[in-house]
There are 2 protein chains.
Amino acid sequence: MSGRANSVDCKVCVIRHTGICAALTAEELDQLSRIAQVRVFKPGQVITRQADTPDFFASIVSGIVLLIETASDGRRQIVGLLFPPDFVGRPFGSRSSYAAVAASELSLCCFPYPTFGRFLNTHAGLHRRLLEHTLDELDAARKWMFLLGRKSAGERVASFLLLAARRATSFGCANNGLSNFARFSLPMTRSDIADCLGLTNETVSREITRLRRREVIEIRDNRNVVVPDLRALRLVAGDDPDSLSGMVN
Amino acid sequence: MSGRANSVDCKVCVIRHTGICAALTAEELDQLSRIAQVRVFKPGQVITRQADTPDFFASIVSGIVLLIETASDGRRQIVGLLFPPDFVGRPFGSRSSYAAVAASELSLCCFPYPTFGRFLNTHAGLHRRLLEHTLDELDAARKWMFLLGRKSAGERVASFLLLAARRATSFGCANNGLSNFARFSLPMTRSDIADCLGLTNETVSREITRLRRREVIEIRDNRNVVVPDLRALRLVAGDDPDSLSGMVN
DNA sequence: CGACACTTTGACTGTAGTCAATGTAAGTGG
DNA sequence: CCACTTACATTGACTACAGTCAAAGTGTCG
């Protein structure tokens, strides 16, 4: 079902200062580390099945998680794209209405129920951080609703590439933070991207080819993307110039 | 900008036992009432403008709130449909990326910043309740993403009517909780419904007419809807039989 | 009554979906 | 090493669903 559990040293964790645990003192962190377990997953591996009740809450340490809703007739929609230090599951537990799947090599820092809930109730700072993070996710989901409800296929694909560019570090390869240039590698198939954007894989493919022909992007090996001018891509994405668009802020 | 503030008696409030304040003891409630202000809004009145930073956090006491995202070219998407005892805004404040508009006669119980944040930090139960509520909203938003990305126009309209039926009490008129029958009145124009579903008002109108011709629904006065057989409507909506579909659980 | 806002209906268009064939790359086993 | 398989991507031809534009219908309010 998942990789083996490792003992945890939170002090040297890569998300120590960005994750929800950033709200904790060194001492509190020590307590937390005693209930934490790191688990690793392979690409495509299922973390939680739709309608399942998982037995842990987790922070993403590295890798990407897809939240996927599948209807009984097979239609799929990816309803969430999670990066470090996002979290998977609900802090007090509950049945999940969508599946969580690893989209890459993944490592999760898992906190079992109900221990984590008790810990949370006695640490207001952590509680608050979790609330703020959830509110951010909600804002991001609502932004994505605009994309799904109102954007054209071309705008959707461009928006997705912008999201990938912004998350380049998680997507693999490096890019230059503030520059107008980006280079990254896509971890998902055209079908996955389509399920994310409410399109078909054919349409995604066509729109990518069109962007390539217009020289807004360059692609090597179907995976490695170069965006010479992010502003041009942003223009195609149809975002308001001031807003920081994307599924995750 | 809004209705006048009234003094508050939380003990007799209609959402006393359903709202986030249900987490509080009588004594705590008394403290909270001292910082609360009730404000009333008329249909169509703007509560928060897009990109504004409101100065309060609020619970909906009665009425309906729409969260609306508008692009610079005029495209609109309703990204949230809020009912009592949902809340509007963020507990610790922040710039809003969408507008909040009253869809009906509305009364809000408002808590000013930063007072409410301080109150929250010292009341773990309230904090937790807020977190759970936000997680529910996030789940609901993700469910709506499936509708926007994958459902046909007919399924979308049927899903909306189901949502309205479930929220009948808020939408006006009564219905019979567990029965298979529903009667309610729609508080929104066809255009608003379209903006909710990622469609045009013409398409919404056509699909409603089609449902009427198929005798899945009856309509009087363009507003009063009767659903003789909710299961039939559910079938048209294309929901999995087991899931409690809709924007709000 | 007339003005206005909203709804419905119709004719036509266009975007994205469907179905099908071909192309490409990575991995397997003889 | 090379055929072969498999999975994924691209391209093309055609279709259909929903959008657009326009006109007529309905209801409400001053």
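Computed from a predicted structure; not experimentally measured. Residue numbers start from 1 in every chain, and the chains themselves are labelled A, B, ... in the order their sequence lines are given, proteins ahead of strands.
Between A/R90 atom CZ and A/T53 atom OG1 the span is 11.5 Å, to the nearest 0.5 Å. To the nearest 0.5 Å, atoms CD1 (A/I60) and SG (A/C109) are separated by 11.5 Å.
Going from atom CG of B/D221 over to atom P of D/dT28 covers 6 Å, rounded to whole Å. Residue B/R156 contributes atom CZ, which lies 14 Å from atom P of D/dC17 at whole-angstrom precision. Note: CD1 (B/I219) to C1' (D/dT26) measures 14 Å, nearest angstrom. In this structure, B/R220 atom CZ and D/dT28 atom P are separated by 12 Å, rounded to whole Å. If you measure from atom CD of B/E202 to atom P of D/dA23, you get 14 Å, rounded to the nearest angstrom. Remark: C1' of D/dT26 and CG of B/N201 are 15 Å apart, rounded to the nearest angstrom. As rounded to whole Å, 11 Å separates atom C1' of D/dA7 from atom CZ of A/R223. D/dA18 atom P lies 17 Å from atom CG of B/D195, rounded to whole Å.
Shown are B/V157, B/N201, B/L199; of these, the side-chain contact (heavy atoms from CB on, under 4.5 Å) with B/R190 is made only by B/N201.
A/R223 CZ: more than 12 foreign heavy atoms inside a 6.0 Å radius. Other residues, nucleotides and ligands place no more than 12 heavy atoms under 6.0 Å from the CZ atom of A/R49. Applying the 6.0 Å contact sphere to CZ of A/R75 captures more than 12 heavy atoms from other residues, nucleotides or ligands.
When all heavy atoms of A/V236 and A/G154 are compared, the pair lying nearest together is CG1-O, 4.3 Å.
Candidate nucleotides C/dA16, C/dT7, D/dT10 were compared by shortest atom distance to the side chain of A/R190, and D/dT10 ranks first. Ranking D/dC8, C/dT9, D/dA18 by closeness to the B/T203 side chain, first place goes to D/dA18.
Listed by residue number, the members of residues 204-214 of chain A with any heavy atom below 4.0 angstrom from DNA chain C are A/R206.
The C1' atoms of five pairs define one axis at each end of the helix from C/dC1-D/dG30 to C/dG30-D/dC1, and these two axes lie 30° apart (to 10°).
In this structure, B/G154 reaches neither bases nor backbone, as no heavy-atom distance under 4.0 Å exists between it and the strands shown.
Both the sub-6.0 Å distance and the 45° axial angle are not jointly satisfied by B/R166 relative to the ring of B/F83.
Where A/N222 and A/R150 meet DNA chain D, the nucleotide closest to each residue was compared, and A/N222 sits on the side nearer the 5' end.
Contact check on B/E105 versus B/K42 returns a salt bridge, with a Lys/Arg side-chain nitrogen under 4.0 Å from an Asp/Glu carboxylate oxygen.
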